[in-house]
Each structure stands twice: as C-alpha cells, then as structure tokens.
Amino acid sequence: MSVNQQAHTGPPYGQPQPGYQGYQQPAYGGQPLPGVPQSQYGAYNGPMPGYQQPVPPQGSLRAPPTSGAPPPASGASLPSGHLAYGQFGHGDVQNGIPASAAPMQRPPASQSFLPGSAPTPVSQTATFQQYGPPPASVQQLSNHMAGMTIGSTTASAPSPAGLGYGPPTSVPPVSGSFSATGSGLYTPYTASQGPSPTSVSQGLPLAQPLFPGQLMSTQRLPTQVPGFAPPPSSAGIGPSSYPPSTGAPRPPTMPGPPLPGQTVAGPPTSQPNHVSSPPPPSTMSGPHPGPPMSGLHGPPPPTHPPQPGYQMQQNGSFGQVRGPQPNYGGAYPGTPNYGSQPGPPPPPKRLDPDSIPSPQLNELPPQQKPRHRIDPDAIPSPIQVIEDDRSNRGSEPFVTGVRGQVPPLVTTNFLVKDQGNASPRYIRCTSYNIPCTSDMAKQSQVPLAAVIKPLATLPPEETLPYLVDHGESGPVRCNRCKAYMCPFMQFIEGGRRFQCCFCSCVTEVPPHYFQHLDHTGKRVDFYDRPELSLGSYEFLATVDYCKNNKFPSPPAFIFMIDVSYNAVKSGLVRLICEELKSLLDYLPREGNMEESAIRVGFVTYNKVLHFYNVKSSLAQPQMMVVSDVADMFVPLLDGFLVNVNESRTVIASLLDQIPEMFADTRETETVFAPVIQAGLEALKAAECAGKLFIFHTSLPIAEAPGKLKNRDDKKLINTDKEKTLFQPQTSFYNNLAKDCVAQGCCVDLFLFPNQYLDVATLGVVTYQTGGSIYKYAYFQLETDQDRFLNDLRRDVQKEVGFDAVMRVRTSTGIRATDFFGAFYMSNTTDVEMAGLDCDKTITVEFKHDDKLSEDSGALLQCALLYTSCAGQRRLRIHNLSLNCCIQLADLYRNCETDTLINYLAKYAYRGVLNSPVKTVRDALINQCAQILACYRKNCASPSSAGQLILPECMKLLPVYLNCVLKSDVLQPGPEVTTDDRAYIRQLVTSMDVAETNVFFYPRLLPLTKADVNSDSLPAAIRNSEERLSKGDIYLLENGLNIFVWVGVNVQQGLIQNLFGVSSFSQISSALSTLPVLENPFSKKVRSIVDMLQVQRSRYMKLIIVKQEDKLEMLFKHFLVEDKSLSGGASYVDFLCHMHKEIRQLLS
Ligand SMILES: [Zn+2]
C-alpha cells in the first residue's frame, strides 16, 4: 500500500523515466541543510541544459520541446536584465538625508542574556462568557423528527471482500520519505510530503452507486430506528435538543455511568505553561488564573460518557459503510422494536446505497444497545469513508487522461500521472460533472468551484512541470481569448491552424511552431511537447510579460525585527538574530545555482526605525535611524540590500550586535505601518519584488500612520456589530496593501502578542499581498521556540513566486465569477499576488453564462504569471477538463464533499465581514439543505418522507458542515479571542482541501494501538468523547495543534515509556515536546508526531492533555462530533436538524 513502492504502471506518458539523464532537479530551496536528508524534490523547473524528454511510449526519442532555439544554457543563465544588481546601490540617496546616522554602539558588557528571565505573560483575565442559546429555529425538532427514519440500507460500495471490514487496516504509511525530522533540525524544504493531496471524492465505486450492476445487496427496512424518533415522553433529549437549550444536558447516547472525570472539572489552576496557539486560545489555560469557569464546569458537559468496558471500535467496525448484511433482519435479537419487520427482510424494494444504513446493533454488547436514540455508529462516518477510499483508490496511480474523473480523497495517499489534465494537487473541484444549464445548477445549489494551488509541492515520485521555451516569440496563444496552447486545442488544415478549445476562434500556427499531423489528426510532435500532452507545464515568459517591458531583478528578503521591550525581554530578538545567522544560507535557490540570487536587508524598530548598512566593504555594520515615521523613506540605498555571501561577516556582526544594542530598552510602544512602508520603499528603490518578514509583538499605538487603538469588545459577539471585529479598523492598511501589490512586496507576519493586537487590521497587508501570518500568543522561549523556528525556516525556504498574476479562462458557457484567497484584485478577472507560495490556494467560483454541452464538456485553464526566486519570469499553466450533464444524478455522483466544504467555509468566512454571524450560519445550513433536498427530490427513488437519504458523495456533508458551523469563527467558544478568530479566518481563506479537511474534522489516533514495528499509523477514530477509552493515549491533530490525551487509567508502563515518569499524576502538561526515550513506544509516538509535522504547512503546537485536567476542555473543543460548549450541535443532533430542514423544503 505504500505508494512510493508503487511501480509506475506502464511507461509514463510524457514523464521522465526514472533512469533518464540530464534533467537533474536539485532541491529548490537551497542546498540541503546540515544533517538533513536532501530534499527529494526536484528543482522547480530545474536547469534547462540537460533537458531531455523522456522516451515516449512509442520509443522515439523526444526532442527538446523548444522550437528551434535551444534552451538557455541553464536555468541559472538569466536574461540579461537579471544582472541588475548594479542598478542598485548607485549611492544616491534618493529619499533624503538620513535623519540621523550613528555608528553602531557597543552594548554594555554587563547585559547578559537570560533566556529564562522572560517576563511572564501579561496575565489576562479570561472571561468565560456563556453564549446565548443556539438559534431558536430548531426548538420543535422532536416533532418533526417523529416521522424520520434512518433508512436501513447499508449503503456502501461493494467493497472488495474483506477489505475494510476485517481487522483494522492500518493507515498506509505516508510516502516513505517522512523521515522523522527531529525538531530543532533544519527541515529541508520538502513541503508536505506525500499525502497532502486534497480532495473529497468518494471512492469510485462509492461515487457511482447507481450504476447498474453495482449493487449492494442492501435492504431497506422501512423502519424507524428507535431513538431517532424519541418517544414524546423523553422530553428534551435526543434530537430535540438541537439546538441544545442552554443547560439542558443531553443524555448520553449510551446509557451508563459517566466517567468519573467527566463530572469533575475543577477550577483552572494557573499554569506556567499556557496554551497559546489558535484555535485554542491561551486564555483558557494559560498562566492566567481566570475566574472559575462558570458554565464550563459544574454539571458534566452534555457529552456522551463512554461506557465502562466500552470496546473501542477500530477502523472498519463503525457502522456505516458496511458490506452486505445477508442476515440483516435477524441480526437484531435484542431490539424487537427495531423495524416493523422482524424476521427475514423482504426482498429489497430498491437498492439505495445512498440512504443511511442502520446501526449494526448486533456488534455492540447487549447492554449498550441504544434505546430511543440514534446510534452514532449508524450515521455516516468520516473515518469509514476515508478508510474505504484508501482501500479502493490508494493503490493505483491516478491517471489524469480522462475528462471529469473524480480524484481520490485528499486523505488518500496516491500518485498522480499527468496525461493531459492538471493533477488534483493543483486543482480540485466541487464537482467534476457540471450541469449543462444554469437552471439545473441553481436548482441543485451545488456551488461550482475550483480550489487551485498553482505552485503546489509534489511528492518526489511525481514530475514537476516542464519549462517550455519558445524563444523570443513566446508561448503560442489563441488570437481572440489569449488562452495558452494546451492539449485541448484542435489542429486543423494539416496543422496550419488551430481552433481554440475555449472560444472556438481559429488561429494560424506560427511558422516556427508548425508540425504535421498524423492520421488521427494529432501532431507528430505530440509527445515531445508538454503543452500538447500534459495538464500542467510552464512557459518561459518573454519581456512582453514583464513590468515596464523589462526583465525583473532577483527578489529581496527584508527582515524587520521589533526590538521593543517585550520582544527583547522574551528573548525573541536574540533568538531571531541567532537563527538568521544560519538560515540565511538556505534562501531559495533555483536549479543548480550555487547560491541564492535573493538579496537581504535588515531593519529593527520600536517607535522609530533603524536601517542597517551591511555592505561587504564595511568592517562593521552601520545603523541609520529614521525617527520621522510620518513620511517614511529609506535612508540608504547602497549597502542595504546585499548578497549574503559577499556581506557574510558584516551581517554576522550585525546579528550579534542587535540583541545587545537593545538589551536595555525601555521602549514599549511600536509602530507598524511605517515598517511596511520602509520595506516597500526599499524594494521600490531596488526595483525588485520581494518579501518582508516582520516580527511584531504589540498593538501599534505609537504616533504614526496606521496607528491603532484597542477596540476589542467581546460583547459584540452575537450582535449585528460582530462583523466589525473582523474588519480592519482603518482603511489605511488597504491602501498600503495596494501599493505593496503594485511593487510585488509580499508581507509575512510573525506575531508574538501578549494581548490584543488587532490581527484583523495588522493582517490586511499580509492577506492582500499573498503573505503568511503566524501567531504565537504569550510567546515563551522554552515552549514556543521550536515551533516558531520551524515555521520561520519553512517560510524562508519555501518556494514562492513573486509579482504574480493569475487568470482563469473557461470554455464557453461558464466563467469565473468569484475568488477567495489571499490576494488583491484591481479588476474582475485578474488575481494579483505580490507573492504566492507553494501552500496558498485560490478558490474560484464559476457561474453559467450559457448552455454547456455534454459532448464538449467544460474546460478550465489557470495561467499564473510570476517571477521565480532567481528573477526569471514564467507562466505556469494548469488545464482541467470537466464533464457536463443533463441529469442531476450525474452531478451528485461526481461531487467532492471535502472541496465543497473548503468552498463553503471560505464563503462563510468572507460573509462574516458583512453579515451577522448567525445570518451566515443560517445561510450555510439552508444552502446545504437545498443541495440535499434537490437530490432527494430528483435523484433518489421515492421513499417515505421520514427517510433521510443522502447522496453517496455527500454523505459526510452534514457532519463536515456542522464542523464549519461550530468553528471558532462562526461560533466561538468562551476562550476564543477576537484575534484568534481573525487569525483563523485569514488562515482558512488560503487553505487547500487537505488542510480544511483536517482543520474542521481533526484526525484522532489511538497511540496505544500503534504497531511499534511498522511504519503505519494506527487507524483513526471518530472525534467523539465516547470513542475514548481512559486506558489509552490518543493523538489529535488539526493542522495547527497536536494534542496528546492521556486517559486516567493508562498503564503505568506506557506512561513510563512515553513520558519518563512513573505515574499519571507526574506527567507534566507543560511539556511542549515528548521526551526522547529509548524504547519502541516512545520512538513510535515521536515518529508519528514528526511525520505529522512534516505533512503540515505549519509546525503544530504540541499540547499534553491529561484526562480530567483543566486543559481537557480545550481538547474537547476538537471532539467535533460532540455537542460543544459554545452551543454547537452534536453530529447526531445536527443530522436530525438537517433532516428537518430538508423535509421542510420538500413539503
Ligand atoms: Zn480562444
């Protein structure tokens, strides 16, 4: 199952053969760091010289794809304009005389650096508000539910016998290269290894349940599941508790005594180590002894207490997607009321794999059989769907030659072979079959959207896009719509002209590009040209594609460090300076270049800015202070941006001196906008694009442009003014962002707040320039430095395109109408990003403007124009062809729920800027109800209205949607800060499908079930407290945090092995890493943690949670199938609610 062992089946089509020579692709991100295996990533379009196409299947040797003109000597040989270093540093100080210029001051020697002396974070009183009751619209649910039945069909694909239903199959190892990079090491830029594919398709068989012959011997007992329609007497329980009325605890699904721990939730004791990362905000646990958590404690949370002796269910045994149950009817001896047809079931009336199957009650111990309740095992299980897709689709490469093919899920580890359509790693769609008419699309309410990650990192086994050089003439394009040459263009008239697949216009083939056609009408050089045979490739751009018709200079990185009191005292300034000394050697490089072309510059600031001259000829760096921040200028040009190697000693000296220079500072105020302005001005002066790395600690209250005030007000939550918390408090930053985009100045922001600093406003420039934002609340050197340094290393080294513009073209009938992501748009079609890195996605929504045809389908072409890290201007092209349908059923069979959720979350998160949060939530519920009602009405076989029937492809839509609704942005828990919400909102907007998947439905792994002798992960379990056993240890990750939860009854030996202490009570929840112990269990767990860290684009904060400890509240927030403290519905309740909504729409 290990994908990396998967042999390519057949000669790769248009892909390099393993043994072929000459197309070496050195690591993109600079030479490998010491002690770390070399990245297997090929260079991002490596050097051209040896570029030789692989042998095509026919066996004829490929010629270089360039037409005539040989490729440039190498990727390193830049167009003439690239050697523009000289332009910079003419020495003319354009911006006036420095306000002051002082030689560096030697710090007083007495100041010693005491890492441990960081001030304790400002204690904040945590306010634990009890939020109002959930939306009132759901009160009468029990009445509606009375008629609701869960169809007893066991949906499910005809899964290969034995597959998935046997003993828990372990999760396949994520591509073997997840070498556990120990924290603290440089992580080579390997990007998320392997499995960050994204997507949500169901396994093929699952996805197309209605195909004749593909049946499932499922039977549908027209019965009611006891409990789904609770007897009237059981007032206030079960489904009727959605939305949970405040205070009314919902009875457990499984009767039984609650765990001792559940009733206890002592007042939080102050802890030296707080959890400060989002989404679990630090206020919750931190060193802030807050008031008693009224509302959180006291009565046991209405969760499902696990049964004593409850057998943890492993993968494969959760209800839902089960194989045929021949003896279904007779299998419920203990539930005489189950179903109205005791005894052998009648022949199935129909085989509806879409309806929710019945619970497999016979698998539960008798005393646990639910009465009057929906069995959580009976409702669609994310774990089962994920496991099934892995089993069904993880072993074969996904070959992109077929139009409208739904890719494997993002959680499945699979290889992609480009045969004419872009890999799902670059583009995923909500549906791969688009309704032919806008009426159909409106009827279904299924949004048509593509989640595009243009510079996605590929696993080492896959081929990076080839770089095609058409010389001075540039890429061949359609005369009318300007679409780029692609596999769907039709050559006619013996190859002399081609008809555009997007607009049908006929264009002459330029003489240099002419080629004869074979007897099938295909150009004979088809396999030699990536742009004719592959879904993704790049063109070298000509000067016409450059700003001011001038080839760009290599970009610059400017490091801008806050040196105010808090930053210095916490040890942050010293940490950053120490890190930069080595990190600067690993700036992104292109191809086989020996050193990075990126120049660097340094600024420190508090209320004033300090620029540093680090020219190589200087013996010591020089500081220039600009105290007039109202009209920012750069006091020096020559010597500000330098080559790292040339200025190595001066830079090292500077980085040694900065922490000393400010060691005694008493300055607590900072400016912020002038810092960005300074970076922008420096890039303007140097005539290049670049990135600012700003390390910032506080709300900028010092007198300066962009000065902010503290306007945090949690009382606005659940009011019409809540949206203002997400909006910037001044438009100043929007204007600044616009200027930054125009210059290609991308801003990455590292925040270290001890209190509110208005992320919603500070993040504006980052967001609109395509930058990244990182937040380390209550930063403490001891616990947070690993995470910060890992993030910083990855951020500095990651692949990024500068000064980027993306346009999505579509074939006639649909067009791109809306865009979501971190970018700026000055018109309605072009997405502009000062920087676009390998982790950022842009979500594009499409609408009909005409009818589509089933024959021709629909095409997308995403063209990204950008400047590489060496200053080369390029176009990256991704093409994707989709099917079109006149039957709604075809639409519903080819949807991807994960992508749908990605889109819906982004749509909703944007909505909160303008509408009350409740309105946004209601709209989400309504849209999904319409989607499911339309299916029910038009695609499902007739059945009683009480039957909840979900499309196979969307059976997880309710559970995932509920997770979005309960997320911190849309329904914050009491411990979530305003900054956390703004931060999460911004992060999600750029997430790819794999990231939103795990973010909204975290991965929960029973560590004690891990096989220490294998590379595999233990099988994941569902996110519900009732799945936890107090004798086990679990890991939960959501892309931002990793929780390690330890049950109170865990064997002493396991505790000793993992934590190195002898008892549960001795485990410190202050640990931010697991101790390194020489035993198999410790090694296994640490390797799992390391593997997960490598897969994610951010380094996750590790939090140890002891059962019954106060931190457990934080952890429970992520058990998303349970009812949440902030009023979010449990999965079961939400499903009932959705059913009610659907029934209302249908009636
Ligand atoms: Zn065209």
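Quick caveat: nothing in here was measured; it's all calculated off a predicted structure. Counting starts at 1 for both ligands and their atoms, in listed order.
- Taking the centre and axis of the six-membered ring of Tyr909, the NZ or CZ atom of Lys906 falls outside the cone set by 45° and 6.0 Å.
- Scanning for side chain to side chain contact (heavy atoms under 4.5 Å, CB included) contacts around Asp439 gives Thr437, with sequence neighbours left out.
- Taking the six-membered ring for Trp, His848 and Phe846 have ring centres at least 6.0 Å apart.
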Which pairs of donor and acceptor atoms, one on a side chain in residues 813-820, lie under 3.5 Å apart (sequence neighbours left out)?
residue: Arg815; atom: NE; partner: Asp849; partner atom: OD2; Å: 3.4
residue: Thr817; atom: OG1; partner: Glu845; partner atom: O; Å: 3.4
residue: Asp818; atom: OD1; partner: Arg910; partner atom: NH1; Å: 3.1
residue: Asp818; atom: OD1; partner: Arg910; partner atom: NH2; Å: 3.4
residue: Asp818; atom: OD2; partner: Arg910; partner atom: NH2; Å: 2.6

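- Of the candidates Ser1097, Ser990, Ser772, Ser772 is the only one forming a side-chain hydrogen bond (donor to acceptor under 3.5 Å, both in side chains) with Lys840.
- Here 4 is the count of protein N, O or S atoms positioned under 2.8 Å from the Zn ion (ligand 1), waters not counted.
- Screening residues 483-509 for ring pair (Phe, Tyr, Trp, His ring centres under 6.0 Å), with sequence neighbours left out, gives Phe491-Phe498.
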